[in-house]
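First the structure, in the form of structure tokens, and then the observations on it.
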Amino acid sequence: MQLPEGEALIERLLSEPGAYADLAGLFRDADFVAALDALAERWGLASPAAVAGERLERKLFVHRAAAPPAGWLPVAVTPDDEAVDWAFFGVRRLTESFFGESLPPVRSSPLNRFLRLRTPLAALEGLPGPAPDGLVFHMSRCGSTLVGRMLGAAQGSTVLSEAAPIDAVVRSGLPWARRVVLLRGVVAALGRARGGGDARLFLKLDCWHAMAFDLFREAFPQTPWIHLYRAPEEVLVSHARDVGMQMVPQVVAPCVFGLAEPAVPDADYRARVLAAIGEAMLTAKARDGAGLLVGYEALPAAVTTAILPHFGWTPTLGEAEAIGAAAAIDAKAAGRVFRPDGAGKRAEVDAAIRTASARWLDDLHARLEAASIGNEGEGVEGARLGLGG
């Protein structure tokens, strides 16, 4: 049966990775349509001008049963719809501080508006791909973005930083066993070799993923992990200045942290969120020998002295230079030199933050310190809490 001209062109284009890879480099609609028209003429198909114009303007999905090849990354996972949306990145490295920052220029390109691929959620199941070389858990506002930038600075590394497709699987209401399979699949899809930054893969997770530690451990049983933390009053000041989504009960539900609803998003609630994260990580550290706790004050030096060896990576001279250069730049403001801000934050500690920290976090912070790099197994307190190793 002969396909309609638009479908015939889409089918032919999707069968020619080299062709759509070339089109991915075009960012003006007029240039894209002209190149597409030339391809259609070469393939003996009708001019796609009218079809292309419609597809570029409207959100028309191209449905496929199986995952597309490497070069396509899942950009949205909607478990309620059993759907995965994909975008073609080609060999483009994920150099931004967060996965979400990498999406806009790619998704808005003419190619990805013309070929808006969607597959069933099942397309992720059993997808071959690498397991991560390291997992980065953190309490938020504690240097995790810096660590992610440093891990991803070398040409051979990919860091998936707080990627929404991963979070969608983790926080779905799907059965545990299926979430494990889908977590492996979505990480495989995001981490498959694409010809750039393929030697090592690291996941910098959302801070609430500490509460899903067992899910990540079952999905990736051999992967070493770290947890980053910071003096709690400084973290609370950071959230008072610019509240994170995890501190908004309507965005990340209190039940994620084992907290009751309804919740008032005040300093006390924020401290309880941080306490839930820290307690989960201490529990994981006590029973899992692949974990490492790293305090903010040890950064950035701890990346090269402790974190890279923990993740089994001995960088080459060139890699070490790239990692060192990344340490000097503000992780959340590319082009700006990093300036320590601890003193400024401590000066902003108010009575509500002091009270909340004393109630929920000060003792926890002391226990994190006792179990962190350089202190593991030291003293009676560390032994009593079972926090070594």
Side-chain angles (χ1 to χ4, degrees), residues 21 24 70-74 88-103 105-106 128-138 142-163 165-166 186-206 209 216 220 222-228 290-296 298-338 373:
W72 294 86
L73 300 187
F88 184 73
F89 280 66
V91 298
R92 184 186 187 280
R93 294 190 66 220
L94 304 176
T95 57
E96 293 76 14
S97 293
F98 299 93
F99 182 75
E101 295 174 350
S102 303
L103 300 187
V106 174
D133 294 283
L135 304 176
V136 179
F137 294 93
H138 58 96
C142 60
S144 63
T145 304
L146 167 66
V147 171
R149 295 283 293 184
M150 292 176 73
L151 290 173
Q155 184 67 32
S157 293
T158 292
V159 175
L160 301 175
S161 181
E162 301 185 14
I166 293 175
V186 74
V187 170
L190 289 164
R192 288 181 297 180
R194 297 183 288 118
D198 301 322
R200 287 166 297 276
L201 176 66
F202 303 101
L203 305 190
K204 176 184 169 275
L205 304 169
D206 289 293
H209 290 165
F216 283 94
F220 309 113
Q222 304 303 318
T223 299
W225 58 275
I226 64 170
H227 173 62
L228 301 165
L292 191 72
L293 306 184
V294 182
Y296 177 81
L299 299 175
V303 173
T304 53
T305 61
I307 295 174
L308 296 187
H310 185 65
F311 287 160
W313 178 10
T314 303
T316 65
L317 179 60
E319 290 172 338
E321 290 175 348
I323 292 168
I329 304 300
D330 190 310
K332 294 182 179 176
R336 190 169 71 192
V337 175
F338 171 75
I373 54 173

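Note: hydrogens, waters and symmetry copies are ignored here, and every other heavy atom, side chains too, is used.
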For [X] versus [Y], what's the shortest heavy-atom pair and its separation?
X: A131; Y: F220; value: CB-CD2, 4.1 Å
X: I373; Y: A298; value: CD1-CB, 4.2 Å
X: A193; Y: A70; value: O-CB, 3.4 Å
X: Y296; Y: C142; value: CD1-O, 3.2 Å
X: L205; Y: L135; value: CD1-CB, 4.5 Å
X: R92; Y: P105; value: NH2-CG, 4.0 Å

Could you tell me if the side chain of [Y] sits less than 4.5 Å from the side chain of [X], heavy atoms only?
X: V187; Y: L203; answer: yes
X: P74; Y: L190; answer: yes
X: S157; Y: L151; answer: no
X: R149; Y: I329; answer: no

With sequence neighbours left out, write down each residue that passes side chain to side chain contact (heavy atoms under 4.5 Å, CB included) with [X], or none if nothing qualifies.
X: E319; value: A154, R200, W313, P315, T316
X: A326; value: M150, A153
X: E321; value: L317

Treating [X] as the side-chain partner and [Y] as the backbone partner, does any N or O pair qualify as donor plus acceptor under 3.5 Å?
X: R192; Y: D198; answer: no
X: H310; Y: W225; answer: yes
X: R194; Y: L73; answer: no
X: S161; Y: S97; answer: yes

Let's go through V294 and L292 carefully: what are the C-alpha distance in whole Å and the side-chain angles of both, what is the deciding distance for side chain to side chain contact (heavy atoms under 4.5 Å, CB included) to 0.1 Å, and is it a yes or a no? CA-CA 6 Å; V294 182; L292 191 72; 4.1 Å; yes
F137/H209 aromatic ring centres below 6.0 Å: no
Salt bridge (Lys or Arg N to Asp or Glu O under 4.0 Å) pairs touching residues 304-315, sequence neighbours excluded, are none
Just grab all the salt bridge (Lys or Arg N to Asp or Glu O under 4.0 Å) pairs involving residues 301-317, residues at least two apart or on different chains. none
Measure the spacing between [atom1] of [X] and [atom2] of [Y] and express it to the nearest 0.5 Å.
X: F98; Y: L160; atom1: CZ; atom2: CG; answer: 13.5 Å
X: F99; Y: I166; atom1: CZ; atom2: CD1; answer: 8.0 Å
X: T158; Y: R93; atom1: OG1; atom2: CZ; answer: 6.0 Å
X: I226; Y: L293; atom1: CD1; atom2: CG; answer: 9.5 Å

Sequence neighbours left out, what passes side-chain hydrogen bond (donor to acceptor under 3.5 Å, both in side chains) with T223? Give chain and number order. none
Considering only distance and modelled atom types, tabulate donor-acceptor pairs under 3.5 Å from the side chains of residues 299-308, sequence neighbours left out.
unit_1	atom_1	unit_2	atom_2	d
T304	OG1	A301	O	3.1
T305	OG1	A301	O	3.1

Tell me every residue that passes ring-ring contact (aromatic ring centres under 6.0 Å, His included) with F311, counting only those two or more places apart in sequence or in another chain. F202
Partners passing ring-ring contact (aromatic ring centres under 6.0 Å, His included) against H138 (at least two apart in sequence or in another chain): none
